[in-house]
Amino acid sequence: MNYWLFKSEPGCFSFDDLRQRPGQTEQWDGVRNFQARNFLRDQVQVGDGVLFYHSNIPDPHIAGTAWVVRAGYPDWTACDPTSEHFDPKSSAANPIWYMVDVRYGEPFKRPVSLAELKSHRLLEGMVLLKRSRLSIQPVTPEEWSIILGLGGL
DNA sequence: GCCAACGTTGGC
DNA sequence: GCCAACGTTGGC
């Protein structure tokens, strides 16, 4: 079992959007970065834990948790010309991009802000603080438990 | 809105 | 395979 941090702009898809559909499966599509794709395709497994991070807003933060309910499979939106994530280089026979399915987990009692993550000595190794642009990134079990604690879970 | 970081593209 | 140009991300 592994842990991950998934980023989303809340104006696009927020933790509250996921919260509206408890117990239901959500497709995490639209990832168009090769390193993030490799994680989705090769390493993210059913049962893995996800920290849901809200990016590109005035106070970026982790809002809560989700769970992976389906491992990597081809992201069909890449083959849909009407999708904003359409990629003409991808095809059903040779998919380039992958997605996973997630399910709503638990909301944090207090959102954990980027500033709080930065100021915590035991979190200074987080990928988020070193490779801030990577939209799918691994989280260690230690980081996971510290952050859940900060979130009041 | 600015801009630094950094990923991607394409000429050579 | 190098690297300059360019585009995107995302914090501030």
Side-chain angles (χ1 to χ4, degrees), chain A residues 2-20 26-44 48-68 71-102 104-140 142-153:
Chain A
N2 292 309
Y3 299 103
W4 306 94
L5 182 147
F6 286 11
K7 289 197 287 192
S8 184
E9 298 190 23
C12 179
F13 185 76
S14 72
F15 189 68
D16 270 345
D17 293 332
L18 188 63
R19 193 176 192 169
Q20 306 301 316
E26 275 311 307
Q27 296 180 328
W28 201 274
D29 61 7
V31 172
R32 297 292 179 269
N33 166 282
F34 286 104
Q35 196 174 357
R37 185 282 309 268
N38 292 346
F39 285 130
L40 292 177
R41 187 189 58 187
D42 305 332
Q43 290 188 240
V44 178
D48 286 358
V50 173
L51 298 172
F52 197 120
Y53 180 82
H54 283 160
S55 68
N56 217 1
I57 50 173
D59 189 17
H61 60 272
I62 299 168
T65 64
W67 298 101
V68 176
Y73 60 104
D75 181 346
W76 54 267
T77 65
C79 299
D80 174 4
T82 68
S83 168
E84 61 179 324
H85 299 122
F86 174 62
D87 182 352
K89 294 197 285 294
S90 193
S91 68
N94 276 330
I96 297 174
W97 306 111
Y98 283 72
M99 59 182 172
V100 300
D101 290 352
V102 301
Y104 178 70
E106 269 192 285
F108 281 180
K109 299 197 168 55
R110 303 179 298 114
V112 178
S113 69
L114 177 61
E116 197 174 355
L117 297 171
K118 280 180 173 173
S119 68
H120 194 111
R121 191 174 52 82
L122 295 176
L123 297 177
E124 61 191 16
M126 279 190 78
V127 176
L128 184 69
L129 306 182
K130 301 184 155 174
R131 300 279 324 283
S132 65
R133 290 180 49 189
L134 189 58
S135 60
I136 303 287
Q137 48 181 263
V139 169
T140 69
E142 294 75 21
E143 290 161 353
W144 172 269
S145 73
I146 290 168
I147 291 166
L148 261 59
L150 294 173
L153 297 186

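Below, chain A is the first sequence line, B the second, and so on; all start at residue 1.
You'll find that the side chain of A:P60 is closest to C:dG11, out of B:dC6, B:dT9, C:dG11. For A:Y53, taking side-chain heavy atoms from C-beta onward, the closest of the listed nucleotides B:dC6, B:dG7, C:dG11 is C:dG11. For A:R131, the listed nucleotide lying nearest its side chain is B:dG7; candidates were B:dG7, C:dG10, B:dT8. Of the candidate nucleotides C:dC12, B:dT9, C:dG10, C:dG10 has the atom lying nearest to any side-chain atom of A:K7. Considering only the side chain of A:N56, C:dG10 comes nearest among B:dT9, C:dG10, B:dT8.
In this structure, A:E84 atom CD and C:dG7 atom C1' are separated by 16 Å, rounded to whole Å. The separation between A:D87 atom CG and C:dT8 atom P is 13 Å, rounded to whole Å. Per the geometry, CG belonging to A:N33 stands 10 Å off C1' belonging to B:dC6, to the nearest Å. For A:L128 and B:dC6, the CG to P distance is 13 Å, given to the nearest whole Å. Put simply, CZ on A:F6 is 14 Å from P on C:dG10, counting in whole angstrom units. Protein atom NZ of A:K89 is 10 Å distant from nucleotide atom P of B:dT8, rounded to whole Å. To the nearest angstrom, P of C:dG10 lies 9 Å from CG of A:L134. Rounded to whole Å, atom C1' of B:dG7 lies 16 Å from atom CD1 of A:I136.
With hydrogens and angles ignored, the 3.5 Å screen pairs a side-chain donor or acceptor of A:S90 with a backbone N or O of A:I96.
Ring geometry for A:F13 against A:F52 counts as tilted: the plane angle lies between 30° and 60°, on a 0 to 90° scale. In this pair, A:W144 and A:Y3 present their aromatic rings parallel. The plane angle is below 30°, not in the 30 to 60° band.
Checking the phosphate oxygens (OP1, OP2) of B:dC6, no side-chain nitrogen or oxygen of A:K130 falls inside 4.0 Å.
Rounding to the nearest 0.5 Å gives a distance of 11.0 Å between CD1 of A:I147 and CG of A:L122.
Summarising the local packing, CG of A:D59 is surrounded by more than 12 heavy atoms from other residues, nucleotides or ligands at distances under 6.0 Å.
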